[in-house]
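Let me begin by presenting the structure, written as structure tokens, before commenting on it.
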Amino acid sequence: MRVLSGIQPSGPFHWGNYFGAIRQYVELQDQAAEAYYFIANLHALNTVRDRDLLRQYTLNGAIDLLALGLNPEKAVLFVQSDVPEVSELCWLLLTGTPMGLLERCVSYKDKIAKGLKADAGLFTYPVLQAADILAYDSNVVPVGEDQIQHIEVCRDIAGSFNHHFGETFVMPKAKVLDASAKVPGLDGEKMSKSYNNTLAVFDDVKAQRKQIMRITTDSRPMEEPKNHEGDVLFDLYKLVATESQIADMGALYARGGFGYGEVKKALADAAEAFYATARERRADWAARPDDVRDVLKAGAAKARAKAAATLARAQAACGAKGY
Ligand code: ADP
Ligand code: TRP
């Protein structure tokens, strides 16, 4: 099994990123023969148009991944733009990609539906993602639910290239964790940087506690038992609390006679404990940014070697090499 995934450095990573994607990266680095993970800074360039911010988010993204358990001895960690072969492969894939396939992609469609202007970068975003995946002959792509469509597009593109030019690319498959495929945000909608409803993984502990205490809840009388299904506080608590804490909280909801303040405090406590080790690891890496850059440089060298071989194969297959 060869695993690959990318994450955009378009802001600080949030609980949805961790439970939907990053947690799987860490689990899979032990199971896969090879694992490639990268910071998708070229994708982020669609939304982050400030060079200093993009640089800062890119390095911080790598630090966050290392803090959350990515081990550079087991996984290849790199920055997308350090592998220019992928952008070249993207061009080969763009030729032959039907407009209709991209017009159906949600990120583009949503923007147009809101009456906003989209640029060519957003429109062709799934093709760059396909190049990311195909360049490393990946067969498993761990992602959150919202990325499934992009993996399907990648399969379509790979399939039609293979059909037209002969077997060139490995067919990838998305891997989604059911339980946390969609982490709710503070407003109950999907947690997302674009909705301003996130809990950052590495926020200051006190600031995060305040944010949790401000989550809006219904004005249920305190005596009434409450069904915890679909309750945002309970759903978030389930992610960071221990089995026995979850069982106790479930019983409290069923019994009633509690205030949401109590639940919020328990949630903030559980979150603090859950991320404590990662927070310590983060402080350690953040104090050594040059070591992080070295990890990324070594990762890029390995990634480039693999991507160059795939690019050469694709160029030969379509006649862009060997005239
Ligand atoms: P955002 O929506 O905040 O911009 P990204 O699109 O950068 O997040 O997502 C990075 C990864 O995290 C993807 O694999 C995505 O599926 C996953 N992810 C993002 N938000 C959530 C969520 N609320 N629940 C589960 N997974 C998520
Ligand atoms: N589009 C992905 C996201 O927003 C990031 C990404 C870029 C990616 N290239 C990828 C994910 C390749 C998986 C595989 O989350």
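Computation of the quantities below employed the complete heavy-atom set of this structure, encompassing side-chain atoms and omitting hydrogens, waters and symmetry-equivalent molecules. What you see is a predicted model, and the numbers here were worked out from it, not measured in a lab. Each residue takes its place number in the sequence, starting with 1.
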So, R281 side chain and A67 main chain: donor-acceptor pair closer than 3.5 Å or not? yes
Spacing of R293 atom CZ and R288 atom CZ [to the nearest 0.5 Å]: 13.0 Å
Look up atom CD in Q315 and atom CG in L89, then write down how far apart they are to the nearest 0.5 Å. 8.5 Å
Single-linkage hydrophobic cluster V153~L122, side-chain heavy atoms < 4.5 angstrom: no
So, the side chain of Q80 versus the backbone of N41: is there a donor-acceptor pair under 3.5 Å, distance only? yes
Looking at A130 and I157, what are the two nearest heavy atoms and their distance? CB-CD1, 4.1 Å
Is it true that a side-chain atom of Q129 and a backbone atom of H150 form a donor plus acceptor pair closer than 3.5 Å? no
Interatomic distance, CG@D30 vs CD@E27, rounded to 0.5 Å, equals 9.0 Å
Find out whether F202 and N60 are in side-chain contact, i.e. whether some heavy atom of one side chain is under 4.5 Å from a heavy atom of the other. no
May I ask you to check whether Y275 and F13 place their ring centers less than 6.0 Å from one another? no
Evaluate side chain to side chain contact (heavy atoms under 4.5 Å, CB included) for H14 paired with N17, printing each intermediate quantity in order. CA-CA 5 Å; H14 54 72; N17 298 142; 3.2 Å; yes
When the side chains of residues 225-244 are checked against the rest of the protein, which donor-acceptor pairs come out under 3.5 Å, sequence neighbours left out?
residue : atom : partner : partner atom : Å
K226    : NZ   : D218    : OD2          : 3.0
K226    : NZ   : Y260    : OH           : 3.3
N227    : OD1  : E229    : N            : 2.9
D231    : OD2  : L233    : N            : 3.3
D231    : OD2  : F234    : N            : 3.0
D231    : OD2  : Y253    : OH           : 2.7
T242    : OG1  : Q245    : N            : 3.3
T242    : OG1  : Q245    : OE1          : 3.2

Working to the nearest 0.5 Å, report the span between CZ of F38 and CG of L296. 13.0 Å
Would you confirm whether N139, through its side chain, and K173, through its main-chain N or O, come within 3.5 Å as a donor-acceptor pair? no
Are L54 and V83 connected into the same hydrophobic cluster when the rule is that any two of I, L, V, M, F, W, Y join if their side-chain heavy atoms are below 4.5 Å apart? no
Do Q149 side-chain atoms and R104 backbone N/O form a donor-acceptor pair below 3.5 Å? yes
Please check this pair: side chain of K321 against backbone of A316, looking for a donor-acceptor N/O pair closer than 3.5 Å. no
What heavy-atom pair brings V143 and A174 nearest, and what distance separates the two atoms? CG2-CB, 4.2 Å
Distance check, rounded to the nearest 0.5 Å: D203 atom CG versus Q211 atom CD? 6.0 Å
Can you tell whether the side chains of D294 and K297 come within less than 4.0 Å, N to carboxylate O? no
V170 vs L134, test: side chain to side chain contact (heavy atoms under 4.5 Å, CB included). Steps then yes/no. CA-CA 7 Å; V170 172; L134 300 176; over 6 Å; no
For residues A266 and M249, report the shortest heavy-atom separation together with the two atoms involved. CB-CE, 3.6 Å
Kindly indicate whether a cation-pi arrangement holds for R282 with W285, taking the cut-offs as under 6.0 Å to the six-membered ring centre and within 45° of the axis. no
Using a strict 4.0 Å threshold on nitrogen-to-oxygen distance, state whether D137 and R313 make a salt bridge. yes
Less than 4.5 Å apart, side chain to side chain, heavy atoms only: is that true for K175 and M1? no
Determine whether V48 and L59 fall in the same hydrophobic cluster, where Ile, Leu, Val, Met, Phe, Trp and Tyr are linked whenever their side-chain heavy atoms lie under 4.5 Å apart. no
Can K114 and D110 be counted as an ion pair, charged N to O under 4.0 angstrom? no
Is the ring pair Y18/F274 parallel, tilted or perpendicular, if the boundaries are 30 and 60 degrees? perpendicular
CG of D50: more than 12 outside heavy atoms within 6.0 angstrom? yes
Short side-chain to backbone donor-acceptor contact, S138 and I133, under 3.5 Å: yes
Shortest non-hydrogen contact between R279 and V201, atoms and distance: NH2-O, 3.8 Å
Check: E189 side chain, Y195 main-chain N or O, donor-acceptor pair, under 3.5 Å: no
Measure across A303 and V76 and return the closest heavy-atom pair with its distance rounded to 0.1 Å. N-CG1, 4.3 Å
State whether D82 and R304 are salt-bridged, where the test is any N-O pair (Lys NZ or Arg NE/NH1/NH2 against Asp/Glu carboxylate O) under 4.0 Å. no
Check whether any side-chain N or O of Q208 sits under 3.5 Å from a backbone N or O of L199 as a donor-acceptor pair, and report yes or no. no
Any donor-acceptor pair under 3.5 Å linking the side chain of E88 with the backbone of L311? no
Would you name the heavy atoms of Y136 and A307 that are closest together and state the gap between them? CE2-CB, 4.0 Å
Derivation of the side chain to side chain contact (heavy atoms under 4.5 Å, CB included) call for F169 and T310: CA-CA 8 Å; F169 296 122; T310 311; 4.0 Å; yes
May I ask whether L65 and V183 are part of the same hydrophobic cluster, defined by side-chain heavy atoms of I, L, V, M, F, W, Y residues being less than 4.5 angstrom apart, directly or through others? yes
Would you compute the distance between atom CG of L42 and atom OH of Y125 and round it to the nearest 0.5 angstrom? 11.5 Å
Decide yes or no on side chain to side chain contact (heavy atoms under 4.5 Å, CB included) for R209 and K265, but give the supporting numbers first. CA-CA 8 Å; R209 192 167 282 272; K265 191 176 166 309; 4.2 Å; yes
Please check if F123 and W91 belong to a single hydrophobic cluster, counting links between Ile, Leu, Val, Met, Phe, Trp and Tyr side chain heavy atoms closer than 4.5 Å. yes
